[in-house]
Amino acid sequence: MAALEATTAPRPPSVTAEAGPERLDVPREAGLRAHLDPANLRSFALSTPGRLIAIALLLIGLCLGAGLMTAATVSDRQQALDILLDETEPDANSSHHLYTSLSIADAAASTAFIAGGLEPEAVRDRYSQALGEASAELVTQTGHAPGQATGNDDPDSRLRAGIATGLPVYSGLIETARANNRNGYPVGAAYLSEASNQMQTTLLPMAAQLQSHRSDAVTAAQRHHVQPPYPAIAVLILALAALIWAQVDLSKRWHRVLNPGLLLACTAVLILLAWTVIAGSISAAEMIGGRDHGAVPASRLTESRILTQQARSAETLKLVRRDATGDYDRTYESSVTRLNELLGGYPSDAPAAGEIANARAALDRWRVAHQRMNDTLAHGDFVGAATVATGPGAADAAAQVDALDRALGHGLDATRDTLRDNISRGARALDFLAPGAMVLGILAAAYVGLGIWPRLREYR
């Protein structure tokens, strides 16, 4: 029995079986701590493999960063050109048409009163068409205001609201003046004068401010695009310099003249740098051409067209008001003098130079007709003076004003086409550069890895 109990008694737990795993984990933890020890990390960082890894990571980061920054910069510039072409420039053109339509409406309204009684149908139609075009441009302006905040804090919105509010008041005064004029009441001229005063002192100044703001937006976009993308170019130069330095450093340490991987990486970055500089220069040159042959001549023609309508309004209002003070004559002379300077200084190599030559000839004939009107009026012949001012004759003032305005309109169309063509070519010069920058940046980073990896394998 004693022997049986001794054989069936429970055995004491094995100490070695439980302690075995603990003794196995101790060397692993000790090895991990040894690897993470600051002294060992510092020693590895100062070793040749650590130096190679650090160089590779630096070069890969620079190549990828250069490609990414170049792609982002080019994308931003192309987007800015698209906004300029699709929104900013059309809005500036709409603002110009708004101002011109208001001026034409005011001049046509004054012309209609010279004949007395029922105004000529052609003049009435010209007034109605100009007023309708102004209203249509207001709708376009209200629904399409790029680059501006919405709400009461937007100055352009306040200008549009002011014009939209004042335009019905102006047209109401004109209709009241017409009703009195048809009945032969002299008070019609007073209403016309009040309406023209509102147009000249309130509506047109607001339209001029709006046009100035939108034109400034076009100029600012052009000025910004002409500036080189310095950050992208600087990062590309830095990446290229780092690759060359790494190439020289590796050649000194391993006594090899060239590292094929780093050489290919240098080539990729150099291609991207040259592509960025050349494409950017071409795009900037197109924008400069658009500014010099499109925007600048267009601004001269815009001012010329405005001055034409101002002079015409002064000419007709002098007859309507039977003015003897000379105020309208002074307004006419100052406008025509400035108009002559603008047309005389129009560049000969600018678009539509032939149309501007026709405009100058029409201006000269208009001044002759205006002097003839004043001479006729000085002899007390109001009917004759009115005929010279508004008659259908080819030598009368109305025909010359129409010819002058038509030539200026053709010139504005030509300069606008030139501007938009240059903007389009500037945007096309940057095509494929953004995706190309990403591809070349990734290729350069891959070439760096291929160039460093064989040197690291030597230390296995």
Side-chain angles (χ1 to χ4, degrees), residues 52-89 146-147 220-250 258-291 420-454:
L52 285 173
I53 293 175
I55 291 175
L57 293 176
L58 174 64
L59 295 179
I60 290 173
L62 282 175
C63 292
L64 292 176
L68 180 61
M69 176 170 287
T70 303
T73 302
V74 172
S75 297
D76 290 342
R77 286 183 167 239
Q78 283 191 307
Q79 184 180 9
L81 288 179
D82 291 339
I83 293 174
L84 175 60
L85 191 63
D86 299 335
E87 298 181 7
T88 309
E89 190 280 331
Q222 290 177 310
R223 186 186 304 114
H224 175 74
H225 188 78
V226 169
Q227 295 177 353
Y230 290 115
I233 293 176
V235 174
L236 286 171
I237 293 175
L238 179 61
L240 184 61
L243 287 168
I244 295 174
W245 167 81
Q247 181 78 266
V248 174
D249 184 72
L250 292 181
L258 294 174
N259 184 294
L262 294 184
L263 181 61
L264 290 173
C266 287
T267 303
V269 174
L270 184 60
I271 290 173
L272 179 55
L273 177 60
W275 190 0
T276 302
V277 172
I278 294 173
S281 299
I282 293 174
S283 182
E286 291 292 345
M287 292 299 290
I288 293 174
R291 179 195 65 193
R420 292 184 61 82
D421 289 343
N422 281 97
I423 295 174
S424 297
R425 288 195 295 268
R428 286 198 301 270
L430 301 178
D431 284 347
F432 308 111
L433 180 53
M438 288 299 302
V439 171
L440 289 174
I442 293 173
L443 282 178
Y447 288 143
V448 169
L450 293 176
I452 298 295
W453 177 244

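As the structure is a computational prediction, the values presented were derived from the model and not from experiment.
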For the OH atom of Tyr447 and the CD1 atom of Ile452, what is their distance to the nearest 0.5 Å?
15.5 Å
Just by distance, do the side chain of Ser283 and the backbone of Ala279 share a donor-acceptor pair under 3.5 Å?
no
Side-chain H-bond candidate by donor/acceptor type, Asn259 with Gln247, under 3.5 Å
no
Do Leu270 and Cys266 have side chains that get closer than 4.5 Å, going by heavy atoms?
no
Might you point out which heavy atoms bring Ala429 and Ile282 nearest each other, and give the distance in Å?
CB-CG2, 3.9 Å
Quick one: closest heavy-atom pair of Leu430 and Val74, and the distance?
O-CG1, 3.9 Å
How long is the gap from CH2 on Trp245 to CG on Leu262, to the nearest 0.5 Å?
10.5 Å
What is the minimum heavy-atom distance between Leu59 and Ala246, and which atoms define it?
CD1-CB, 3.6 Å
So which atom in Ala434 and which in Ala71 form the shortest heavy-atom distance, rounded to 0.1 Å?
O-CB, 3.4 Å
Would you say the side chain of Leu243 lies within less than 4.5 Å of the side chain of Cys63, judging by non-hydrogen atoms?
yes
Smallest heavy-atom separation, Ala242 atom then Leu62 atom, equals CB-CD1, 3.5 Å
Distance from Arg291 atom CZ to Gln222 atom CD, nearest 0.5 Å?
7.5 Å
Is there a side-chain contact between Arg77 and Pro229 (heavy atoms, below 4.5 Å)?
yes
Compare every heavy atom of Phe432 with every heavy atom of Trp275, then report the nearest pair and how far apart it is.
CH2-O, 3.2 Å
Rounded to the nearest 0.5 Å, what separation is found between the CE atom of Met438 and the CG atom of Leu272?
10.5 Å
Let me confirm one number: the CG-CD distance from Asp86 to Gln79, rounded to the nearest 0.5 Å.
11.0 Å
In Å, rounded to the nearest 0.5 Å, how long is the span from CG of Leu81 to NE2 of His225?
4.5 Å
For residues Pro260 and Leu450, determine if any side-chain heavy atom of one lies less than 4.5 Å from a side-chain heavy atom of the other.
no
For a 4.5 angstrom cut-off between non-hydrogen side-chain atoms, does Asp431 reach Gln78?
yes
Flag the pair Val439 / Pro435 as yes when at least one side-chain heavy-atom distance between them is below 4.5 Å, and no otherwise.
no
Option from Leu273, Leu238, Thr73 for which side-chain contact (heavy atoms from CB on, under 4.5 Å) with Ile233 holds
Leu273
So, does Arg420 use its side chain to make a donor-acceptor pair with the main chain of Leu85 at under 3.5 Å?
yes
Got Leu440 and Val269 here, is their nearest side-chain heavy-atom distance under 4.5 Å?
no
Given side chains that start at C-beta, do those of Met287 and Leu84 come closer than 4.5 Å, heavy atoms only?
yes
